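Some notes on the structure that comes next.
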Amino acid sequence: MSAKPRIFVTRRVPEAVTDRLQRDYDATVNTADSALSADQLVAHADGMDALIVTPPDKMGAELIQRLPDSVRAIACFSVGTNHVDLDAAKQRGIAVTNTPGVLTEATAEIAMLLILGACRRAWEGQKLLRRREWDGWKPTQLIGLELSGRRLAIFGMGRIGQATAARARAFGMEIHYHNRTRLPADQEQGAVYHDTPDQLLEVADVLSLHCPATPETQGFLNAQRIETLPAPSVVINTSRGDVVDDAALIDALKRARVAAAGLDVFAGEPDLHPGYYDLDNAYLLPHLGSATVETRNAMGFKCLDNLDALFTGREAPDRVA
Ligand code: DGY
């Protein structure tokens with residue numbers, strides 16, 4: 001019998017991570033890479049010491065209650081932990097870890113892609129070409145919004161918010177932000193702090209959401225707040241879909257009250273609100289924020305660093321519960 005801890009991994013992971021996993025653990029990977037139901041997850045957890053889970057694996061209280069006693073740790077292959085009921089895990093004495101710090105650059109890059117794609121109408125341009133409907137350059141064709149000189153309003157100025165600000169500055173944008181705590185001047189780098197989220201929205205030529213999904217931020221961008229945005233305004237989301245009231249944003253995009261949106265995350269992924277699909281002013285990506293070789297490897301290695309620590313009696317560096 002193997003003395004190595006037994007790990008179940010709910011999705012395929014990058015090769016370099018698999019190599020280390022197989023070397024150091026008795027690992028079973030869901031190589032079919034399919035979404036697992038609660039029943040399947042509980043069945044796979046049988047006899048396991050730990051699970052590596054991803055954002056689509058909904059680890060609610062009920063599922064956590066049903067996990068076998070052998071499970072001592074859940075390593076989230078993500079920085080976000082809103083898919084895991086941390087209190088339920090704590091009650092069962094199951095340690096939970098995440099992967100902070102290693103997604104910063106990749107996610108900020110996707111935020112810039114969304115800002116550019118939404119402001120410069122990249123989806124409509126792609127569609128025109130691929131449908132072979134482009135009949136040539138015209139002075140008034142697909143006129144977008146220039147980034148230079150526009151105010152980028154960042155809601156949640158953590159690592160990713162700051163990295164997005166650094167990139168946006170290079171595009172000539174003026175940075176405004178709201179954060180629970182004001183940053184020290186050396187980190188603000190000239191960004192204008194707003195005491196309340198609503199004050200921030202009033203100057204948001206481009207609003208970029210970078211807050212975690214919590215009960216407090218659920219539905220943050222609602223119909224009432226949308227009306228406080230300047231016109232035109234552009235909404236960008238790389239945090240979690242739950243932060244946006246989809247019906248309200250779709251309605252505002254349809255009325256052109258919001259000029260465009262760039263979205264990488266959606267409530268109910270992968271079943272996003274159907275209203276988004278046909279909106280030409282919605283530039284949509286399928287949750288690609290962290291999807292680079294470097295970042296996905298680093299996320300996997302962080303899961304393993306945390307499990308290594310837990311299984312050798314040390315404090316896991318990224319323990320959240
Ligand atoms: C995370 O780690 O929470 C991201 O959303 C995955 O890209």
Side-chain angles (χ1 to χ4, degrees), residues 9-14 16-17 30 33 35-36 50-60 73-86 89 95-115 117 154-164 167 208-218 220-221 235-244 246 261-272 276 283-307 316-321:
V9 189
T10 63
R11 289 297 175 105
R12 208 182 295 149
V13 290
V17 180
N30 171 22
D33 213 17
L36 299 175
L51 308 175
I52 296 182
V53 306
T54 64
D57 305 312
K58 301 293 169 228
M59 309 291 292
I74 297 173
C76 295
F77 197 107
S78 60
V79 64
T81 55
N82 59 311
H83 53 300
V84 180
D85 189 316
L86 300 180
V96 182
T97 66
N98 71 342
T99 64
V102 295
L103 295 85
T104 308
E105 315 302 332
T107 308
E109 287 176 7
I110 284 287
M112 285 313 300
L113 174 61
L114 293 175
I115 295 172
I154 297 186
F155 180 60
M157 196 63 146
R159 294 186 192 91
I160 298 171
Q162 289 176 51
T164 303
R167 284 155 179 76
S208 196
L209 300 168
H210 294 281
C211 56
T214 63
E216 293 74 46
T217 59
Q218 168 101 24
F220 165 78
L221 191 65
V235 171
I236 304 298
N237 192 5
T238 53
S239 62
R240 281 292 182 266
D242 297 335
V243 173
V244 171
D246 287 324
L263 308 174
D264 186 46
V265 286
F266 304 91
E269 291 177 19
D271 301 318
L272 48 152
Y276 284 123
Y283 184 81
L284 310 175
L285 294 175
H287 205 148
L288 295 181
S290 62
T292 66
V293 175
E294 295 81 358
T295 294
R296 288 285 162 85
N297 280 342
M299 289 166 76
F301 294 147
K302 258 199 174 285
C303 289
L304 296 178
D305 291 345
N306 282 306
L307 293 176
D318 308 304
R319 186 166 176 169
V320 290

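Read the numbers this way: they start at 1 and go in the same order the structure lists the ligands and their atoms. None of these values were measured; they are calculated from a predicted model.
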Enumerated ligand 1 atoms positioned under 4.0 Å from heavy atoms of [X]:
X	result
Gly80	1 (C), 2 (O), 3 (O)
Met299	2 (O)
His287	4 (C), 5 (O), 6 (C), 7 (O)
Ser78	1 (C), 2 (O), 3 (O)

message: Ignoring hydrogens and geometry beyond distance, is a side-chain donor-acceptor pair present between Thr81 and His83 at under 3.5 Å?
response: no
message: Ignoring hydrogens and geometry beyond distance, is a side-chain donor-acceptor pair present between Asn297 and Thr295 at under 3.5 Å?
response: no
- prompt: Does the N or O separation between Val79 and ligand 1 drop below 3.5 Å for any pair?
  reply: yes
- prompt: Taking distance alone, with no angle check, do Leu103 and ligand 1 share an N/O pair under 3.5 Å?
  reply: no
Top protein contact for atom 3 (O) of ligand 1, by heavy-atom distance: Arg240 NH2, 2.6 Å
task: Starting from atom 7 (O) of ligand 1, locate the nearest protein heavy atom and write down its residue, its atom name and how far away it is, to 0.1 Å.
output: Ser290 OG, 2.7 Å
query: So among Thr97, Asn98, Asn306, which one has a side chain to side chain donor-acceptor pair (under 3.5 Å) with Asp318?
result: Asn306
Ile52 side, atom CD1; Asn30 side, atom CG - distance, nearest 0.5 Å: 12.5 Å
- prompt: Is any side-chain heavy atom of Leu113 closer than 4.5 Å to a side-chain heavy atom of Leu285?
  reply: yes
task: Would you mind telling me if ligand 1 is within reach of the side chain of Thr99, the backbone, both or neither, using heavy atoms under 4.0 Å?
output: neither
message: Could you go through Arg159 and Glu105, starting from their C-alpha distance and side-chain angles, then the distance that decides it, and tell me whether this counts as salt bridge (Lys or Arg N to Asp or Glu O under 4.0 Å)?
response: CA-CA 9 Å; Arg159 294 186 192 91; Glu105 315 302 332; over 6 Å; no
- prompt: Looking only at heavy atoms, which two atoms of Arg240 and Gly80 are closest? And how far apart?
  reply: NH2-CA, 3.5 Å
